[in-house]
Amino acid sequence: MRVSKAFIPTVKETPQEAEIPSHKLMLRAGLMRKVAAGFYEYLPLGQKVILKINQIIREEMERAGAQEVLMPIMTPAELWQETGRWQKYGKELMRVKDRHERDYALGPTHEEVITDLVRRELKSYKQLPMNLFQIATKFRDEVRPRFGVMRSREFLMKDGYSFDVDDAAADKTYWIMVEAYKRIFKRCGLNFSPVEADSGLIGGSFTHEFMVLADTGEAAVAMCSSCDYAANLEKAFGNPTPHATAAAGGPFQEVSTPGKHTVEDVGALLKLPASQFIKTLVFIADGKPVVVLVRGDHDVNEVKVQNHLQAAEIALASGEKVYEVTKAPVGFAGPVGLSGVKILADKALQGGHQYVTGGLKKDIHLTGVEFGRDFAEPEWGDFRNVINGDGCPKCGKELKVGRGIEVGQTFKLGTKYSQAMKCVYLGEDGKDKEAVMGCYGIGVTRTVAATIEQHYDADGIIWPIATAPYQVHLLCLNPAEPEVAKIADEFYEKLRQAGYEVLYDDRMEASAGFKFKDADLLGFPISVRVGARGLKEGLVEIKRRREKDVAKVVVADVMNKVKEVAEVEWKFCTP
RNA sequence: CGGGGCGUAGCGCAGCGGUAGCGCACUUGGUUUGGGACCAAGGGGCCGUGAGUUCGAAUCUCACCGCCCCGACCA
């Protein structure tokens with residue numbers, strides 16, 4: 001494609017609506033434009049990236065034995081009512097009525113639709129396993145769309161669903177899909193990690209999230225510095241760092257701590273480390289108050305508390321609620337003398353002595369508090385977030401907490417949907433059995449953003465060659481000089497004939513500097529620069545976007561050099 | 001939904017009671033051409049929408065709408 005004819009509207013200044021690098025760069029490099037909050041148009045360059053990711057997904061899905069289908073965006077309410085998700089899903093499920101006042105939902109995911117399809121066609125165990133996927137538009141009426149395409153309301157997703165005869169077969173399929181996912185993200189040139197996760201509303205027995213490691217990620221991930229353990233912070237477990245050294249001692253004492261209501265403030269006042277504190281937090285779970293105790297240097301993990309209580313809803317209590325439960329203002333809650341409330345305590349507190357806690361009175365804390373002696377044994381459990389430096393549950397080495405962008409998730413669903421929707425087959429023994437399901441998603445448009453989030457610098461995007469809109473950016477620096485233009489034209493032909501995807505900057509009106517800036521912004525992996533200055537000595541320049549150095553090559557060697565450089569680039573995208 | 005910020009030319013911004021501005025982009029002509037060229041001449045605005053205050057509103061007041069950020073939420 002010639003730049004002079006292409007629709008690639010690059011922008012010099014950062015649009016004010018964008019905050020994170022991928023959003024800024026997708027707008028600046030002309031990959032997309034916004035229509036309204038959470039809705040975007042993909043321009044030719046953006047669409048090319050999407051198509052490349054789709055192609056990688058298709059190849060790997062087929063390799064893993066899955067077949068492509070296409071389902072509608074509008075889905076009838078009855079299907080959602082069958083599984084109860086018409087009620088449970090909440091406002092994120094975009095509901096619409098047709099002219100006959102019939103209810104529909106714009107599909108946020110397609111378990112119901114696919115299960116309905118399969119139950120109508122599935123008769124015998126001989127038809128299994130069945131593994132179907134689609135790449136299609138999904139709609140979720142997000143409370144707060146954010147960060148451009150990272151969290152948008154309409155987005156492209158690959159969703160796949162597997163049906164197996166039994167649990168063992170489903171497990172096998174699940175791990176085949178996990179392997180396929182690893183290959184997909186590797187082929188996209190991403191630095192990612194499959195992490196253990198909480199399974200959430202979709203249900204099922206186990207699940208992995210595929211996280212692209214990037215600072216702007218919305219999810220926190222705990223990763224082992226030594227082995228392959230990695231888990232979403234919601235679920236991660238770590239062995240706590242040791243307690244402060246205090247031994248069991250005398251009775252607890254009241255200390256005056258006027259105006260000091262954080263662990264930090266009181267710790268500074270008493271000259272004690274945060275790990276010597278019991279942090280006491282009040283939650284409201286399904287309308288009832290619950291007190292959760294964690295060590296002063298730890299934070300409560302609400303998901304773990306919620307799962308332990310089997311609660312549908314949980315939230316930190318308001319100041320008034322805290323007063324109701326503890327008879328003290330926020331900051332002075334403690335377990336000693338507290339009654340009539342369920343108390344959960346994190347295991348990291350176990351075995352420690354002489355704790356400091358709130359005294360249930362304004363401006364009073366207690367020191368020398370002992371579990372069991374000064375208040376009844378609480379319900380113990382894992383209720384905290386892993387912190388940097390905790391021990392890995394697998395190998396014992398140090399855990400690190402980082403950020404990730406969730407680009408994919410795999411679930412083993414079991415029979416949750418096949419049971420609710422009677423998706424059964426006739427077994428070898430002549431009896432009806434429920435199919436055992438799995439489901440597998442990849443956010444395609446989010447993957448585009450995640451790729452940029454991981455591959456950019458101050459000048460622009462640095463595409464991996466596998467998903468770059470074009471592989472080679474050919475720049476004609478002096479198009480007004482006939483010899484230069486002629487040689488650049490020839491390279492445009494040769495490169496395309498050699499099978500490269502080439503964007504040819506043949507613009508008469510743009511200066512050389514302008515072309516360089518655009519090339520850096522667009523970020524294709526290889527650029528070939530033909531200019532009068534080089535040609536005087538018979539040289540053409542070849543530059544890799546991810547490197548600073550420029551190679552100067554005699555005209556006859558250009559094709560070989562491009563090939564060599566391309567091979568190096570492809571190594572970043574090879575499983 | 002709670003908190004905060006912003007809506008003025010295509011983009012980025014200034015102006016904050018008295019004639020609507022700047023830079024970039026765009027059009028025309030000319031000169032240029034190796035890191036976002038220069039000169040000259042142009043075109044482009046319901047100052048988000050509506051009501052109010054005022055002799056007079058982009059500017060003050062109120063309401064609404066849109067967009068962005070933090071939080072809550074997130075198969």
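All chains are named by letter (A, B, ...) in the order of the sequence lines, taking the proteins before the strands, and each is independently numbered beginning at 1.
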Starting from the C-alpha separation in whole Å, work towards a yes-or-no answer on side-chain hydrogen bond (donor to acceptor under 3.5 Å, both in side chains) for A/Gln134 and A/Asp159.
-> CA-CA 6 Å; A/Gln134 67 169 348; A/Asp159 48 327; 3.3 Å; yes
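- Of the residues in residues 68-83 of chain A, not one places a heavy atom less than 4.0 Å from an atom of RNA chain B.
- Listed by first and then second residue, the ring pair (Phe, Tyr, Trp, His ring centres under 6.0 Å) pairs that reach into residues 511-540 of chain A are A/Tyr470-A/Phe524, A/His473-A/Phe524, sequence neighbours excluded.
- Residues passing the side chain to side chain donor-acceptor pair (under 3.5 Å) test with A/Lys304, sequence neighbours excluded: A/Asp382.
- Within residues 481-489 of chain A, no residue has a heavy atom under 4.0 Å from RNA chain B.
- At a non-hydrogen distance threshold of 4.0 Å, A/Arg28, A/Lys34, A/Ala36, A/Ala37 from residues 25-38 of chain A come into contact with RNA chain B.
- Not counting sequence neighbours, A/Phe133 has no partner by the ring-ring contact (aromatic ring centres under 6.0 Å, His included) test.
- Judged as a side chain to side chain donor-acceptor pair (under 3.5 Å), and not counting sequence neighbours, A/Arg533 has no contacts.
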Detail all sub-3.5 Å separations between protein N/O atoms and N/O atoms belonging to nucleotides 10-13 of chain B.
| unit_1 | atom_1 | unit_2 | atom_2 | d |
| --- | --- | --- | --- | --- |
| B/rG12 | OP1 | A/Gln16 | N | 3.0 |
| B/rG12 | O2' | A/Glu13 | OE1 | 3.2 |

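- Remark: A/Arg2 engages A/Asp506 in a side chain to side chain donor-acceptor pair (under 3.5 Å) (not counting sequence neighbours).
- Annotation: side chain to side chain donor-acceptor pair (under 3.5 Å) contacts involving residues 22-43 of chain A, sequence neighbours excluded, comprise A/Ser22-A/Glu453.
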Could you go through nucleotides 37-39 of chain B and list every protein N or O atom that sits under 3.5 Å from one of its N or O atoms, giving the distance for each pair?
| unit_1 | atom_1 | unit_2 | atom_2 | d |
| --- | --- | --- | --- | --- |
| B/rA37 | OP2 | A/Ser511 | OG | 3.3 |

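- A salt bridge between A/Glu82 and A/Arg119 is present, with a side-chain N of the basic residue lying under 4.0 Å from a carboxylate O of the acidic one.
- Residues from residues 524-552 of chain A that place a heavy atom under 4.0 Å from any atom of RNA chain B, listed by number: A/Arg529, A/Gly531, A/Arg533, A/Gly534, A/Glu541.
- Remark: B/rG35 base-pairs with no nucleotide in the shown strands. Criterion, Watson-Crick or G-U wobble with two distances under 3.5 Å.
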